[in-house]
Number of protein chains: 2
Amino acid sequence: MAAHGLRTGEVAERAGVNVETLRYYERRGLLAEPARSIGGHRAYPPETVTLLAVIKAAQRLGFTLDEVAELLDTGRRRHPTADLRARARAKLAEVDEKITDLRAIRGSLEEILAAECDSLTHCTCPACPMPFADLADPAASPPG
Amino acid sequence: MAAHGLRTGEVAERAGVNVETLRYYERRGLLAEPARSIGGHRAYPPETVTLLAVIKAAQRLGFTLDEVAELLDTGRRRHPTADLRARARAKLAEVDEKITDLRAIRGSLEEILAAECDSLTHCTCPACPMPFADLADPAASPPG
DNA sequence: TTGCATTCCGTACCTGGGTACGGGTTTACC
DNA sequence: GGTAAACCCGTACCCAGGTACGGAATGCAA
């Protein structure tokens, strides 16, 4: 009996993360405490692997673990309460901002790829414009 | 004489970063070593402020300082060599991936905001789908 | 049931990205 | 020319996010 549930090693391998990371995420509240065998070994539901991929993806985008936790929490329960809706809206704004910034970077990179500066042979680019200047917002909002 | 150039305090304040951070970035190679006064005090060109904004923006997107340095280096010299072009292209791909992921998150958030689950009063959402599942890529490429 | 791989837990350690400290110069203003 | 504010440098510390360690207990297979 009780063959259901993946063990830590399996989950870790499938998700491509360290075993310790699972325990760490559990402590951090990103992973719910899984069921346990009689002897106390964890038995994870298979979706855990997907969840870990989600977490890692969100992290790559610059979300902190706390933010990821919040994001997941918001997403978990559909039909959010007013409070949750507000958080979702806030996250949405953040995400939009990130997308905007990324597009600016993207534009600069494409420009660079396209640029020939009139001629590769003659141009020493004495006064090349600031790279990514279109991205930099002088009125940067302070964190907090 | 030598009133040209901003001092560390000015740059730091305008860019909204700590003075120590300037020295740190200099050590890391993100900021070029600025000119110095006779007495050894740094005199920064005004574009430094913009550059710092760029760095901070890129960081918010999940780029490491090393990556930012690389990005800047790529962007600095227009009409890149073949090698530089390759790096720019690689970055471009990364950026596109990030944008794709962010759009997935964005979509989920909007869904959440739009969702009423038929009725807020009756739906207990017994089997709500995985949040952000569209973002998780099971074939996640291992780092390195 | 013996035995080896896994897992358990707590704690210590590591890297990245800064920030703070402290004692000594340099500037800038009166 | 005196003095406070700003700056210098090296070094030590801090937080986030993991990762490693090590000794005991469990799981599974022959």
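A, B, ... follow the sequence lines: proteins, then strands. Residue 1 opens every chain. Quantities reported herein were computed from a predicted structural model and do not represent experimental measurements.
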Toward the 5' end of DNA chain D, which comes first, A:Gly40 or A:Ile55, by nearest nucleotide?
A:Ile55
Write down the distance between [atom1] ([X]) and [atom2] ([N]), rounded to a whole number of angstrom.
X	N	atom1	atom2	value
A:Leu6	C:dT7	CG	C1'	15 Å
B:Ile38	C:dT25	CD1	C1'	15 Å
A:Arg42	D:dT26	CZ	C1'	13 Å
B:Lys56	C:dG16	NZ	C1'	12 Å
B:Leu22	D:dA6	CG	P	15 Å
A:Glu10	D:dG27	CD	P	14 Å
B:Arg27	C:dG18	CZ	C1'	9 Å

What's the closest nucleotide to the [X] side chain, out of [options]?
X	options	answer
A:Asn18	C:dC8, D:dT19, C:dG10	D:dT19
B:His41	D:dC7, C:dG10, D:dG17	D:dC7
A:Arg7	D:dC28, D:dG18, D:dC7	D:dC28
B:Thr21	D:dT26, D:dG18, C:dT19	C:dT19
A:Ser37	D:dT19, C:dG17, D:dT26	D:dT26
A:Glu20	C:dT7, D:dT19, C:dA20	D:dT19
A:Leu65	D:dG18, C:dT27, C:dG17	D:dG18
A:Arg23	D:dG10, C:dT7, C:dG10	C:dG10
A:Arg36	D:dT26, D:dC8, C:dC9	C:dC9

Looking at A:Glu94 and A:Lys91, is any side-chain nitrogen of the basic one under 4.0 Å from a carboxylate oxygen of the acidic one?
yes
Does the side chain of [X] get closer than 4.0 angstrom to OP1 or OP2 of [N] through an N or O atom?
X	N	answer
B:Gln59	C:dG16	no
B:Arg60	C:dG17	no
A:Thr8	C:dC8	yes
B:Tyr24	C:dG16	no

Main-chain N/O of B:Arg7 paired with B:Glu10 side-chain donor or acceptor, under 3.5 Å
yes
Smallest separation among heavy atoms of B:Leu22 and B:Ala12, with atom names
CD1-N, 4.0 Å
Inspect the surroundings of CD in B:Glu26 and state if more than 12 heavy atoms from other residues, nucleotides or ligands are less than 6.0 Å away.
yes
Reading DNA chain C from 5' onward, which residue's closest nucleotide shows up sooner: B:Thr64 or A:Tyr44?
A:Tyr44
Connected via hydrophobic side-chain network under 4.5 Å: B:Tyr24 and B:Leu52
yes
Sole candidate of B:Ile99, B:Asp101, B:Leu102 that passes side-chain contact (heavy atoms from CB on, under 4.5 Å) when paired with A:Lys98
B:Leu102
Could you check whether B:Arg28 gets within reach of a base, just the sugar-phosphate, or nothing at all, counting any heavy atom under 4.0 Å?
sugar-phosphate
